[in-house]
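Taking it in order: structure first as structure tokens, then the write-up.
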Amino acid sequence: MRRVAVPDRGAETLFGIHDENLRFLESAHGVRIFTSGNELTIEGDDRGEKAVAAIIEQLVDLMKDGYVVSNPDVRLASKLFHEDEASRLRDYLMKSAIRGARKVVVPRSLNQRTYIERIESDDMVFGIGPAGTGKTYLAVAQAVSKLMARAVDRIILARPAVEAGERLGFLPGDLQEKVNPYLRPLYDALYDLLDYDKVQRLMERTAIEVAPIAFMRGRTLSGAFVIIDEAQNTTGEQMKMVLTRLGPGSKAVVTGDITQIDLPPGRTSGLVEAIAVLQGVQGISFVYFDERDVVRHKLVQKVIKAYEVYSHGESSAS
């Protein structure tokens with residue numbers, strides 16, 4: 001039997017809703033965990049007790065520094081310990097931490113860590129996978145960090161303005177009002193990483209631009225961190241146009257989910273085409289995410305998996 005003390009502040013997130021994180025550790029390591037105030041008692045065989053105590057102690061160590069533990073952190077800590085008992089969660093998280101924004105952003109999965117490292121090392125990176133895997137948020141965090149460090153002069157955030165069968169002409173309002181709903185997720189990421197007033201000042205100076213992809217035509221983007229989001233809804237012509245805008249000192253991150261293409265029938269996705277055309281080109285990286293990387297509500301993972309199983313079943317039947 002082993003006991004571990006947990007700080008009062010943060011204990012609720014460590015334990016999880018209805019103690020789901022503790023139940024996960026029990027199942028993964030064959031132990032029983034009992035709570036008494038802010039103290040945990042771990043009972044099981046010596047190996048299981050040792051593993052769970054070490055995992056919780058590492059998480060508590062991070063919590064004492066103000067880190068807010070999430071469900072993926074508990075699972076990541078367990079996975080790392082299983083792979084190498086000498087591994088340290090702090091070292092893993094902080095090695096690829098993104099600094100320079102309002103908060104430190106750390107990878108929540110192995111693929112997220114690879115993604116961050118590829119963005120750092122390569123000038124063009126494709127992040128491909130389902131919603132909720134952090135593709136856009138991590139790219140924006142990297143862009144903000146680079147801008148704050150003056151490694152780039154500006155951030156360009158762009159999305160295709162055609163989604164779910166809608167067309168701008170059928171939406172109410174002027175042009176800005178028409179495109180804002182499509183760009184809202186990019187603004188949300190910015191406001192989470194920077195103070196609202198800071199974002200407004202940077203946008204007034206055009207150090208940050210948020211615009212539909214069509215606005216990129218004819219420009220040369222030098223010293224810029226360019227993010228093309230929802231790229232599965234670009235056409236081949238749009239994708240080529242955007243990727244060939246890059247000038248000296250620029251980086252490009254392209255994100256998308258090839259299972260959620262909303263283009264009209266008969267139109268080839270620019271993202272799908274780019275994957276085929278650019279594989280093997282030196283300096284371009286592709287990082288693929290799956291449901292294990294989802295950092296939204298735990299049910300999102302299950303929804304994505306269920307749709308994958310259903311889709312495969314439909315394909316087999318046809």
Side-chain angles (χ1 to χ4, degrees), residues 1-98 104-117 129-130 132-134 137-138 287-306 308:
M1 180 171 57
R2 297 172 188 255
R3 291 187 172 88
V4 180
V6 176
D8 290 332
R9 185 175 182 179
E12 185 175 344
T13 56
L14 173 60
F15 295 173
I17 299 172
H18 303 306
D19 292 342
E20 63 181 321
N21 292 335
L22 301 184
R23 303 291 83 83
F24 165 78
L25 291 173
E26 286 181 333
S27 176
H29 299 277
V31 299
R32 294 292 308 277
I33 303 175
F34 304 93
T35 60
S36 178
N38 66 337
E39 185 177 78
L40 298 178
T41 300
I42 306 162
E43 294 183 359
D45 62 32
D46 187 63
R47 181 179 177 82
E49 288 181 3
K50 177 183 176 183
V52 172
I55 290 165
I56 293 174
E57 285 167 357
Q58 290 191 52
L59 293 167
V60 166
D61 185 45
L62 287 169
M63 291 164 60
K64 289 178 178 177
D65 289 340
Y67 185 83
V68 179
V69 171
S70 67
N71 289 12
D73 292 323
V74 177
R75 285 151 177 74
L76 177 59
S78 179
K79 178 180 177 63
L80 291 175
F81 190 89
H82 177 74
E83 293 174 352
D84 179 5
E85 293 186 7
S87 65
R88 300 294 300 173
L89 181 62
R90 178 188 292 275
D91 295 341
Y92 177 88
L93 292 174
M94 295 307 159
K95 180 180 178 182
S96 300
I98 303 172
V104 176
V105 178
V106 297
R108 302 289 192 178
S109 70
L110 296 173
N111 284 332
Q112 286 193 358
R113 179 176 177 176
T114 299
Y115 185 54
I116 292 171
E117 291 173 347
T133 50
Y137 187 83
L138 291 173
V287 179
Y288 293 88
F289 297 87
D290 57 36
E291 77 280 354
R292 293 169 296 182
D293 302 301
V294 171
V295 291
R296 292 181 182 172
H297 191 287
K298 63 179 182 178
L299 281 177
V300 175
Q301 283 190 342
K302 296 179 180 179
V303 169
I304 292 169
K305 192 65 178 178
E308 283 185 358

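Positions are given from 1 along the sequence.
- Scanning for salt bridge (charged side-chain N to carboxylate O under 4.0 Å, His left out) contacts around Glu26 gives Arg23, Arg32, with sequence neighbours left out.
- With values rounded to the nearest 0.5 angstrom, Gln58 atom CD is found 8.5 Å from Asp91 atom CG.
- In terms of the side-chain hydrogen bond (donor to acceptor under 3.5 Å, both in side chains) criterion, Asp8 has no residue partners (sequence neighbours excluded).
- Annotation: salt bridge (charged side-chain N to carboxylate O under 4.0 Å, His left out) contacts involving residues 54-63, sequence neighbours excluded, comprise Asp61-Arg90.
- Between Leu62 and Leu89, the shortest heavy-atom contact is CD1-CD2, 3.6 Å.
- Side-chain contact between Ile55 and Phe81 is present, with at least one heavy-atom pair separated by less than 4.5 Å.
- Asp45 has no carboxylate O lying under 4.0 Å from a charged side-chain N of Lys50, or vice versa, which leaves the two without a salt bridge.
- The shortest distance between side-chain heavy atoms of Leu25 and Val31 does not fall below 4.5 Å.
- For Ser78, the side-chain hydrogen bond (donor to acceptor under 3.5 Å, both in side chains) criterion is met by His29, not counting sequence neighbours.
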For this session: Please step through side chain to side chain contact (heavy atoms under 4.5 Å, CB included) for the pair Ile33 and Glu43, ending with a clear verdict.
Result: CA-CA 6 Å; Ile33 303 175; Glu43 294 183 359; over 6 Å; no
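- At least one side-chain heavy atom of Val60 sits under 4.5 Å from a side-chain heavy atom of Pro7.
- With hydrogens and angles disregarded, a donor-acceptor distance shorter than 3.5 Å links the side chain of Thr133 to the backbone of Pro130.
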For this session: Could you please spell out the steps behind the side chain to side chain contact (heavy atoms under 4.5 Å, CB included) verdict for Val6 and Glu39?
Result: CA-CA 6 Å; Val6 176; Glu39 185 177 78; over 6 Å; no
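- Here the side chains of Arg3 and Ile42 are not in contact, with every heavy-atom distance at 4.5 Å or above.
- To the nearest 0.5 angstrom, Asp73 atom CG is 11.0 Å from Met63 atom CE.
- No side-chain heavy atom of Asn111 sits less than 4.5 Å from a side-chain heavy atom of Tyr288.
- Side-chain contact between Leu40 and Leu22: present, with at least one pair of heavy atoms (C-beta onward) separated by less than 4.5 Å.
- Annotation: Glu12, atom CD; neighbour count of heavy atoms from other residues, nucleotides and ligands within 6.0 Å does not exceed 12.
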Exercise. Can you check side chain to side chain contact (heavy atoms under 4.5 Å, CB included) on Asn21 and Leu14, steps first, answer last?
Worked result: CA-CA 7 Å; Asn21 292 335; Leu14 173 60; 5.7 Å; no
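- Listed by chain and residue number, Glu83 satisfy the side-chain hydrogen bond (donor to acceptor under 3.5 Å, both in side chains) test with Lys79 (two or more places apart in sequence, or in another chain).
- Remark: Asp290 pairs with Arg292 by the side-chain hydrogen bond (donor to acceptor under 3.5 Å, both in side chains) rule, at least two apart or across chains.
- Looking at Phe289 and Gln112, their side chains come closer than 4.5 Å, going by heavy atoms from C-beta outward.
- What you find for Leu76 and Pro107 is that their closest heavy atoms are CD2-O, 4.3 Å.
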